Trainee: 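Encoded as structure tokens, here's the structure I'll be asking about.
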Amino acid sequence: MATCIGKIQLERPVMLASGILGISLDVFNRLYRAGAGAVVTKSLSTEPWDGYPNPTIFSVNGGGWINAVGLSNPGAPNFAKIIEPNKDVPIIVSLVGSIPQDFEMMIKEFKNCKITAYELNLSCPHVAKVGLEVGDDPELVKKIVSTVKNSTNVPVIAKVGLGTTHYLTTVSAAIDSGIDAITAINTVRAMAIDVETQRPILSNKFGGLSGTPIKHIALRCVYEISSKYDIPIIGCGGISTWEDAVEFILAGSSAIQLGSAIGENWIHVFNDINKGVLEYMERKNYSTLEEMRGLAKKS
Amino acid sequence: MATCIGKIQLERPVMLASGILGISLDVFNRLYRAGAGAVVTKSLSTEPWDGYPNPTIFSVNGGGWINAVGLSNPGAPNFAKIIEPNKDVPIIVSLVGSIPQDFEMMIKEFKNCKITAYELNLSCPHVAKVGLEVGDDPELVKKIVSTVKNSTNVPVIAKVGLGTTHYLTTVSAAIDSGIDAITAINTVRAMAIDVETQRPILSNKFGGLSGTPIKHIALRCVYEISSKYDIPIIGCGGISTWEDAVEFILAGSSAIQLGSAIGENWIHVFNDINKGVLEYMERKNYSTLEEMRGLAKKS
Amino acid sequence: MQRNHNHPNQFAMVWIPGINELPMSVMISRESGKAAFTVRKHGHASTGLFNVKVGQQIGVRGPYGNSFDLKQGKLLLVGGGTGLVPMMRLLTFLKPDDDVTLLIGAKSKDEVFFEDLANSLLDKNSHQVIVSTDDGTYGERGYVTEVVKKLVSEIRFNAVYTCGPEIMMYKTVQLAHSKGLFVQASLERMMKCGVGICGSCCVGEDLVCRDGTIFDGPHLLSNKEFGHFHRNKAGILENY
Amino acid sequence: MQRNHNHPNQFAMVWIPGINELPMSVMISRESGKAAFTVRKHGHASTGLFNVKVGQQIGVRGPYGNSFDLKQGKLLLVGGGTGLVPMMRLLTFLKPDDDVTLLIGAKSKDEVFFEDLANSLLDKNSHQVIVSTDDGTYGERGYVTEVVKKLVSEIRFNAVYTCGPEIMMYKTVQLAHSKGLFVQASLERMMKCGVGICGSCCVGEDLVCRDGTIFDGPHLLSNKEFGHFHRNKAGILENY
Ligand SMILES: Cc1cc2nc3c(=O)[nH]c(=O)nc-3n(C[C@H](O)[C@H](O)[C@H](O)COP(=O)(O)OP(=O)(O)OC[C@H]3O[C@@H](n4cnc5c(N)ncnc54)[C@H](O)[C@@H]3O)c2cc1C
Ligand SMILES: Cc1cc2nc3c(=O)[nH]c(=O)nc-3n(C[C@H](O)[C@H](O)[C@H](O)COP(=O)(O)OP(=O)(O)OC[C@H]3O[C@@H](n4cnc5c(N)ncnc54)[C@H](O)[C@@H]3O)c2cc1C
Ligand SMILES: Cc1cc2nc3c(=O)[nH]c(=O)nc-3n(C[C@H](O)[C@H](O)[C@H](O)COP(=O)(O)O)c2cc1C
Ligand SMILES: Cc1cc2nc3c(=O)[nH]c(=O)nc-3n(C[C@H](O)[C@H](O)[C@H](O)COP(=O)(O)O)c2cc1C
Ligand code: FES
Ligand code: FES
């Protein structure tokens with residue numbers, strides 16, 4: 001069940017996705033005990049952000065969520081203090097910013113923390129000037145990735161999503177600048193309207209769609225990236241069962257992340273998936289995940 | 001319940017989306033009797049196409065479909081003969097092609113047919129050289145739209161989707177060249193992998209995701225287009241209830257299309273929606289659909 | 001696949017990985033609670049399915065489609081080729097008092113199958129199984145519809161059920177209907193989705209996968225395409 | 001909203017269109033089978049909810065959250081402010097033999113509510129309702145936790161339930177636990193999703209919306225944040 005995402009080594013392939021429950025070290029410890037191979041923190045900014053007013057989450061009929069939490073977070077400096085005591089949990093710190101200097105400044109804050117990797121959120125679909133607005137600008141992506149790579153020896157992951165620029169352009173720009181891995185995908189821009197009051201439900205109007213509705217979209221992105229580039233991939237989007245996890249690995253991902261499934265199956269989902277993947281590997285006679293990675297591309 | 005999509009007038013706002021059951025005039029008549037305000041034909045090409053081998057449809061766990069029918073169709077010349085006898089049904093002919101001449105040639109074939117509008121499919125996500133590959137090239141879109149507009153007096157609609165170029169760029173190119181309305185959106189590129197045999201399930205590997213999973217994505221596209229451009233919009237994607245239909249109208253569409261819902265609720269869906277929308281209008285005291293169009297943008 | 005005992009005749013979409021996906025009638029299985037398929041080795045896909053080894057995995061979605069309207073009394077079943085599959089399943093839904101005549105049509109002797117299975121399924125009923133081959137190498141000589149013609153003019157059947165080549169079904173429906181008999185036929189058409197969205201299985205205004213596969217005789221006779229045309233993969237009408 | 005009679009204490013996310021969405025305890029309603037909410041006019045959002053007119057629509061999702069563990073016998077309920085809402089609902093789940101003591105804590109007389117409702121809900125039980133105000137303008141003078149202290153040293157309650165200001169709950173839990181009593185408290189934290197994904201309601205390793213809102217005393221006392229810190233909208237710890 002151990003997996004390597006390039007230079008990143010994990011005991012188990014299923015991680016907590018960014019923005020989900022990722023707020024206290026106690027929670028990280030609990031999730032790690034519950035079977036998560038790593039936890040990705042909420043995306044952190046240079047300053048604390050309150051995020052948008054409620055409603056920030058809409059529960060989609062038939063499954064999935066639309067969220068516009070608005071990247072609320074305590075800010076990198078506060079957060080670094082929270083995770084400083086960490087010894088055991090593989091923590092991936094997610095960062096969000098508008099210019100290379102933002103990322104440089106934040107990375108300095110974490111100098112005393114044990115961190116497994118950084119994940120650059122280039123793909124939040126509902127906050128202006130950061131996230132997708134950065135990911136949609138390949139030149140800016142190059143500058144940010146180069147700056148981050150020069151600021152740290154810890155592996156750096158770029159998280160992409162469906163924006164106004166083709167996500168493969170963003171992937172390519174990140175690879176050109178030395179990125180270590182790609183997480184695909186973030187939520188997909190969406191909205192919900194209440195027919196009685198005739199208004200968008202989320203206070204921000206637009207939010208990001210996550211969960212089962214985006215699973216097959218995310219899966220094709222992983223397949224497309226792994227067919228085109230030789231870069232480690234972390235699959236993310238709508239994963240809630242071991243079959244989903246296996247699909248993403250067969251499509252070419254080295255590890256996976258999940259968030260929305262926790263809203264449905266709570267944190268048991270980590271061990272359920274670990275167990276299912278393990279049984280699958282035994283049944284199919286694989287001794288490592290690597291043996292099955294990308295097999296769907298062969299046919 | 002009557003609605004105007006620019007110059008297109010319909011008695012009822014819910015149409016059959018392209019590619020769904022759209023193969024014989026008898027079926028069109030049946031759907032019209034079942035409550036459809038208009039039917040859009042399968043996308044037609046200059047020559048007959050067999051489409052991809054089966055499996056061409058995957059049923060998504062939890063709702064929706066991924067299809068890679070591959071634009072199978074009898075070709076515009078054959079199809080024109082099929083619909084020539086039509087007198088009653090508002091038929092919108094969907095066309096697909098790679099170059100302006102393809103469209104010009106096909107439109108000539110329909111000279112003896114009573115047609116309500118043409119819909120240009122600029123957004124099929126799983127067939128090379130047509131569909132999205134055309135929609136993703138704004139210059140080509142301009143040429144095609146101009147050519148089509150010069151070839152016919154019938155209103156022309158452009159159907160857009162999520163491709164590698166931002167769909168709003170395609171919308172803008174189509175508007176610049178005189179398009180009469182926009183249909184948004186087509187299916188979203190996706191895939192499914194079978195964990196037992198470890199292969200992509202669809203024979204074409206990639207297909208288009210439709211149905212409930214894409215509803216809230218389509219809704220935000222309609223809202224974004226109607227917020228930015230003054231062009232009649234036909235909303236499409238995941239609509240299966242009257243509430244969905246109302247959401248799309250509140251977001252700014254003048255009419256809607258549906259396809260996948262037929263797979264779940266069969267063709268009763270047309271009358272169910274008509275009835276629900278009518279009751280809603282009575283309850284809210286609207287005498288025309290136009291009064292409620294776009295209301296969600298006010299808040 | 002879960003077998004639903006209340007629905008004689010249903011089909012499933014059977015995926016032969018890497019090859020194709022085909023509509024297949026649900027066949028009775030020796031294991032209770034399970035279903036099976038009967039494949040005729042024909043073209044690329046069915047041969048692919050035929051060659052599937054034990055343990056190799058195939059995909060099944062469904063079951064889809066409606067079922068025969070079960071009448072009681074004197075019943076005539078007319079099957080040809082793989083159209084016998086739904087007839088075999090139908091036999092398992094009969095009442096003990098039903099008096100059953102099963103006609104099996106085939107081109108020649110080596111294409112006759114299910115005769116023994118039918119006799120054993122019917123051993124508690126008053127019944128007869130009649131085989132006819134076009135070339136007379138087994139059973140009666142000539143088209144099975146000649147036997148239908150003779151029987152419907154002699155016996156007032158409570159119901160006639162048919163599945164097989166469309167011309168056979170067309171004639172059977174015409175003959176039974178002309179005598180005022182209740183008759184149903186199970187149609188085959190090009191199927192892609194199986195659930196009523198792609199349109200490839202349409203016959204006139206009917207969608208075989210969703211409205212059928214079983215239709216009443218009078219409805220079929222009012223359909224201009226039944227017995228005359230089917231559509232190819234591009235959706236173009238072709239003559240039978 | 002469907003009320004589930006087996007789950008005393010649950011909350012819902014209540015949307016006041018154009019203003020905000022707030023977690024609200026499910027309140028008993030005069031109409032059977034329905035639920036209600038009790039709002040305290042506080043800041044922008046709750047005032048918005050307070051001002052909602054009859055007929056105007058609000059959105060409700062849920063109910064979410066777990067419920068109190070119902071014990072029987074001598075019960076002590078300690079509520080303050082809107083924390084009385086779950087206590088009122090709890091009263092409707094009591095057994096006839098339960099002997100109930102309800103403590104209502106408030107700053108001063110004009111903030112005391114539900115006293116009459118509680119008495120009428122308890123009219124078939126052996127019970128007492130004790131009010132205490134910080135300023136002594138009504139009932140006992142002083143913090144309600146002083147009354148708790150006195151009662152738990154006199155009476156061996158089978159269970160103690162509390163909901164209200166965190167300091168009040170913290171002291172109540174400490175006092176009851178120190179006497180070895182079974183005690184549960186219902187926590188409030190900043191809530192955005194209400195379903196256990198956003199993390200905004202976390203208290204140490206617990207997520208109030210999903211693991212709670214009700215927790216056992218010993219578990220709470222081992223949580224370093226309970227009674228000391230809560231998180232603001234950005235997730236930064238703030239002292240109580
Ligand atoms: C409702 C239904 C039930 C059926 N039940 C059985 C059964 O129990 N056993 C059995 O052996 N066969 C059954 N068939 C026929 C089967 O689906 C295939 O058509 C047949 O096996 C030949 O396929 P092939 O690709 O090997 O032949 P090919 O030689 O490749 O094709 C020959 C012809 O087969 C037909 N065909 C091919 N693909 C399809 C398709 N997707 N849908 C419909 N027809 C197609 C077309 O008419 C085609 O021209 C059934 C068909 C239908 C519609
Ligand atoms: C489980 C639970 C049940 C509750 N039940 C009730 C009830 O039955 N009746 C009632 O009147 N109030 C209840 N509340 C409190 C209510 O949700 C609001 O916090 C309160 O109404 C004040 O909101 P405001 O925005 O008007 O005040 P503001 O003055 O705008 O905010 C004051 C404080 O309210 C709190 N608050 C604001 N938004 C939230 C939020 N989304 N989640 C949690 N706290 C928030 C914060 O501590 C904030 O600092 C409950 C809270 C929780 C967590
Ligand atoms: C409530 C919520 C908050 C999120 N916040 C972030 C975030 O801060 N940074 C980020 O990169 N992704 C964020 N995401 C996206 C998730 O990390 C993930 O990419 C997405 O939800 C798809 O995975 P899922 O379907 O398993 O939830 C958030 C998602 C949700 C539902
Ligand atoms: C089986 C199938 C075939 C389709 N074929 C076409 C097509 O030929 N041309 C086209 O423009 N859209 C086609 N579409 C897309 C639909 O017209 C529609 O845009 C999409 O399915 C979203 O709507 P829905 O969620 O209501 O199905 C097809 C969709 C399906 C499911
Ligand atoms: S097979 Fe697709 S509609 Fe019947
Ligand atoms: S409110 Fe979101 S996790 Fe509890």
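Computed from a prediction, not measured in an experiment: that's the story for all the values here. Residue numbers start from 1 in every chain, and the chains themselves are labelled A, B, ... in the order their sequence lines are given, proteins ahead of strands.
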Trainee: Are Val183(D) and Phe157(D) packed together at the side-chain level, in the sense that at least one heavy-atom pair is separated by less than 4.5 angstrom?
Mentor: no
Trainee: Can any side-chain N or O of Tyr161(D) pair as donor or acceptor with the backbone N or O of Asp69(D) at less than 3.5 Å?
Mentor: yes
Trainee: Looking only at atom types and distance, does a side-chain atom of Asp244(A) sit under 3.5 Å from a main-chain N or O of Thr241(A), one as donor and one as acceptor?
Mentor: yes
Trainee: Output the option from Lys233(D), Arg231(D), Arg210(D) having the highest count of non-hydrogen pairs under 4.5 Å with chain A.
Mentor: Arg210(D)
Trainee: At a 4.5 Å cut-off on heavy atoms, which part of Ser24(A) comes close to chain D: side chain, backbone, both, or neither?
Mentor: both
Trainee: Quick check on Ile201(A) against chain D: is it the side chain, the backbone, both or neither that has a heavy atom closer than 4.5 Å?
Mentor: both
Trainee: Does Glu47(A) have more than 12 heavy atoms from other residues, nucleotides or ligands lying within 6.0 Å of its CD?
Mentor: no
Trainee: Side chain from CB out, backbone as N, CA, C, O: work out which of these in Ile19(D) comes under 4.5 Å of a heavy atom of chain A, or both, or neither.
Mentor: backbone
Trainee: Considering heavy atoms only, which positions within residues 30-46 of chain A lie below 4.5 Å of chain D?
Mentor: Arg30(A), Arg33(A), Lys42(A)
Trainee: Any donor-acceptor pair under 3.5 Å linking the side chain of Lys81(A) with the backbone of Ala76(A)?
Mentor: no
Trainee: Is there side-chain contact between Phe113(D) and Ile104(D), with heavy atoms separated by less than 4.5 Å?
Mentor: no
Trainee: A quick test of your reading: do over 12 heavy atoms of other residues, nucleotides or ligands sit less than 6.0 Å from OH of Tyr143(D)?
Mentor: no
Trainee: Contact part of Met13(D) toward chain A, heavy-atom cut-off under 4.5 Å: side chain, backbone, both or neither?
Mentor: side chain
Trainee: I need the Thr162(D) OG1 to Phe68(D) CZ distance, nearest 0.5 Å.
Mentor: 7.5 Å
Trainee: Mind ranking Asn67(A), Ile267(A), Asn29(A), Asp194(A) by heavy-atom pairs under 4.5 Å with chain D and telling me who comes out on top?
Mentor: Asp194(A)
Trainee: Is Cys202(D) close to chain A through its backbone or its side chain, or both, or neither, when contacts mean heavy atoms under 4.5 Å?
Mentor: side chain
Trainee: Return yes if some donor-acceptor pair links the side-chain N/O of Asn54(A) with the main-chain N/O of Glu21(D) below 3.5 Å, else return no.
Mentor: yes
Trainee: Checking Trp266(A) against chain D: side chain, backbone, both or neither under 4.5 Å from a heavy atom?
Mentor: both
Trainee: With chain D, which of Trp49(A), Phe28(A), Phe79(A) has the greatest number of heavy-atom pairs at distances under 4.5 Å?
Mentor: Trp49(A)
Trainee: So which of Ala234(D), Cys198(D), Gly199(D) has the biggest tally of heavy-atom pairs under 4.5 Å with chain A?
Mentor: Ala234(D)
Trainee: Quick check on the interface: out of Asp206(D), Leu22(D), Ile16(D), Asp211(D), who has the most heavy-atom pairs with chain A under 4.5 Å?
Mentor: Asp211(D)
Trainee: May I ask you to name which of Val69(A), Thr56(A), Ile82(A), Asn73(A) has the most heavy-atom pairs under 4.5 Å with chain D?
Mentor: Asn73(A)
Trainee: Got a sec: does the CG of Asn61(A) have more than 12 other heavy atoms crowding it under 6.0 Å?
Mentor: no
Trainee: If I measure from the heavy atoms of chain D, does Asn78(A) come under 4.5 Å with its side chain, its backbone, both, or neither?
Mentor: side chain
Trainee: Tell me, yes or no, whether the heavy-atom count around Lys114(A) atom NZ, taken from other residues, nucleotides or ligands under 6.0 Å, exceeds 12.
Mentor: yes
Trainee: Where on Asn223(D) is there a heavy atom nearer than 4.5 Å to chain A: the side chain, the backbone, both, or neither?
Mentor: neither
Trainee: For the candidates Gly59(D), Cys201(D), Gly18(D), which exhibits the highest count of non-hydrogen atom pairs separated by less than 4.5 Å from chain A?
Mentor: Gly18(D)
Trainee: Mind running ring pair (Phe, Tyr, Trp, His ring centres under 6.0 Å) on Phe226(D) and Tyr170(D) for me, showing each step along the way?
Mentor: CA-CA 7 Å; Phe226(D) 174 63; Tyr170(D) 182 67; 5.5 Å; yes
Trainee: Does Thr172(D) offer a backbone N or O that forms a donor-acceptor pair with the side chain of Thr145(D) under 3.5 Å?
Mentor: no
